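Hydrogens, waters and symmetry mates are skipped; everything else that's a heavy atom, side chains included, is used. Just so you know, these numbers come straight off a predicted model, no measurement behind them.
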Amino acid sequence: MKLYDLELSGNCYKVRLFLALIGQEYELRPVDFLDGEHKTEGFIARNLFGEIPVLVDGDLILRDSQAILVYLARKYGKTDWYPPEAADEASVMQWLMVAESEIARGPNDARLHDKFGFAIDVDVAREKSAHVLSILDRHLLTRRWLELDRPTIADIACFPYIALSHEGAVSLEPYRAVSAWVDRVKAIPGFVPMPAI
């Protein structure tokens with residue numbers, strides 16, 4: 001199994017983190033993002049969107065970090081991380097969508113602007129960050145994990161860009177429940193960091 005990866009990408013990191021948490025070995029293949037390797041013909045053959053991460057497992061090629069998390073949990077029978085029951089699965093899945101939308105367009109976009117110089121309306125990104133962090137904070141006031149009273153791939157999917165929010169000048173200080181949740185994720189046995197986390 002090979003993971004095409006960028007060390008500073010939160011989406012790549014969530015896959016690396018989950019693989020570490022489940023103790024699964026893999027081959028890491030760094031992608032030269034600055035030189036545009038992800039837009040070359042060879043890379044586009046693996047992912048038409050020209051984005052990372054990409055997971056290659058035998059003949060299977062998967063893009064999108066959320067889809068990869070689901071695949072890994074199913075492949076290795078990690079039902080504690082991604083449950084098979086319909087209601088429990090849906091409760092986890094709804095947070096994968098939050099990671100893909102509200103968190104991506106909030107804290108992630110603010111970080112893309114500040115850290116990497118992307119031409120993004122950073123004021124809008126910070127407004128969206130405040131909105132999603134307020135929702136997360138209210139949700140986490142009454143629970144330790146996003147769903148099911150245990151860590152799931154929902155927590156792994158949402159964690160990176162929340163924990164990296166300071167790189168987009170978005171402070172977690174007003175969101176004490178979110179900050180406590182970040183600390184709980186870091187305390188999961190097998191946790192591995194990335195730069196700035």
Side-chain angles (χ1 to χ4, degrees), residues 1-22 24 26 28-29 31 33 38 43-44 46-58 60-112 125 128-129 131-133 135-136 139-140 145-148 150-165 168 178 181-182 184-186 188 190-192 194 197:
M1 187 164 52
K2 183 183 295 187
L3 177 65
Y4 288 82
D5 176 80
L6 177 67
E7 183 182 32
L8 295 179
S9 163
N11 284 322
C12 292
Y13 169 60
K14 64 183 74 168
V15 177
R16 294 193 315 268
L17 174 57
F18 188 56
L19 285 164
L21 293 173
I22 64 173
Q24 182 58 46
Y26 63 100
L28 192 65
R29 167 58 167 79
V31 174
F33 189 83
H38 60 300
F43 194 87
I44 297 293
R46 289 183 200 91
N47 179 357
L48 292 174
F49 289 86
E51 298 171 346
I52 45 180
V54 171
L55 183 78
V56 177
D57 190 11
L60 178 69
I61 300 174
L62 278 178
R63 63 172 182 81
D64 185 82
S65 55
Q66 277 64 248
I68 294 169
L69 291 175
V70 169
Y71 170 72
L72 292 171
R74 285 284 188 254
K75 176 181 171 76
Y76 294 108
K78 301 300 181 182
T79 56
D80 51 339
W81 287 96
Y82 188 58
E85 301 82 8
D88 290 347
E89 180 181 25
S91 70
V92 169
M93 184 61 70
Q94 66 188 349
W95 290 103
L96 301 187
M97 298 302 101
V98 170
E100 192 80 13
S101 55
E102 287 88 352
I103 292 173
R105 299 293 63 88
N108 178 44
D109 275 358
R111 179 177 182 254
L112 286 173
K128 290 181 178 183
S129 298
H131 178 70
V132 71
L133 287 168
I135 291 170
L136 274 168
H139 182 70
L140 288 164
W145 305 102
L146 291 178
E147 294 295 337
L148 308 181
R150 65 178 188 266
T152 66
I153 61 171
D155 299 282
I156 304 308
C158 293
F159 172 76
Y161 291 118
I162 298 295
L164 290 166
S165 63
V178 171
W181 167 78
V182 166
R184 284 193 292 277
V185 173
K186 290 179 181 179
I188 298 172
F191 177 86
V192 292
M194 72 167 280
I197 296 181

Quiz item: So, does Glu89 use its side chain to make a donor-acceptor pair with the main chain of Ala86 at under 3.5 Å?
Solution: no
Quiz prompt | Rounded distance [0.5 Å steps], CD1 in Ile22 versus CG in Leu17 | solution = 10.5 Å
Quiz item: Heavy atoms, side chains only, cut-off 4.5 Å: are Trp95 and Thr152 in contact?
Solution: no
Self-check item: Chi angles and distances behind the side chain to side chain contact (heavy atoms under 4.5 Å, CB included) call for Lys75, Gln24
Solution: CA-CA 11 Å; Lys75 176 181 171 76; Gln24 182 58 46; over 6 Å; no
Quiz prompt | Polar side-chain atom of Arg150 near backbone of Asp80 as donor-acceptor pair, under 3.5 Å | solution = yes
Practice problem: Working to the nearest 0.5 Å, report the span between OG1 of Thr79 and CD of Glu85. | Solution: 7.5 Å
Self-check item: Nearest atoms (heavy-atom pairs only) where Leu62 meets Ala67
Solution: CD1-O, 4.5 Å
Practice problem: Would you name the heavy atoms of Ile153 and Val92 that are closest together and state the gap between them? | Solution: CG1-CG1, 3.8 Å
Quiz item: Taking the inter-plane angle between the rings of Phe159 and Phe191 on a 0 to 90° scale, is it parallel (under 30°), tilted (30 to 60°) or perpendicular (over 60°)?
Solution: perpendicular
Exercise. Determine, stepwise, if the pair Leu164 / Asn108 fulfils side chain to side chain contact (heavy atoms under 4.5 Å, CB included).
Key: CA-CA 8 Å; Leu164 290 166; Asn108 178 44; over 6 Å; no
Quiz item: Does Trp81 reach the side chain of Leu69, with side-chain heavy atoms less than 4.5 Å apart?
Solution: no
Quiz prompt | Minimum heavy-atom distance Lys14-Ala99, with the two atoms named | solution = NZ-CB, 4.2 Å
Quiz item: Hey, what do you get for NE2 (His139) to CD (Glu147), rounding to the nearest 0.5 Å?
Solution: 4.5 Å
Self-check item: Gap between atom CZ of Arg16 and atom CG of Leu21 - 0.5 Å precision
Solution: 12.5 Å
Self-check item: Gln66 CD to Met93 CE distance, which is reported to the nearest 0.5 Å
Solution: 9.5 Å
Quiz prompt | Heavy-atom pair with the smallest gap, counting every atom of Met97 and Glu102 | solution = O-OE1, 4.1 Å
Quiz item: Are any non-hydrogen side-chain atoms of Ile52 and Asn11 less than 4.5 angstrom apart?
Solution: no
Quiz item: Below 4.5 Å, heavy atoms only, C-beta onward: do Val56 and Arg29 meet side chain to side chain?
Solution: no
Practice problem: Could you grab the distance from atom OG of Ser65 to atom CG of Leu72, nearest 0.5 Å is fine? | Solution: 11.0 Å
Quiz item: Any idea which heavy atoms bring Leu3 and Cys12 closest together, and the distance?
Solution: CD2-O, 4.5 Å
Quiz item: Is any side-chain heavy atom of Arg74 closer than 4.5 Å to a side-chain heavy atom of Tyr82?
Solution: yes
Quiz item: Asp5 versus Val15: any side-chain heavy-atom pair under 4.5 Å?
Solution: no
Quiz item: Where do Ala110 and Ala125 come nearest, in terms of heavy atoms and distance?
Solution: N-CB, 3.6 Å
Quiz item: Would you say the side chain of Trp181 lies within less than 4.5 Å of the side chain of Asp155, judging by non-hydrogen atoms?
Solution: yes
Quiz item: Is any side-chain heavy atom of Asp57 less than 4.5 Å from a side-chain heavy atom of Tyr71?
Solution: yes
Practice problem: Tell me, with the steps shown, if Tyr26 and Leu55 meet side chain to side chain contact (heavy atoms under 4.5 Å, CB included). | Solution: CA-CA 10 Å; Tyr26 63 100; Leu55 183 78; 5.8 Å; no
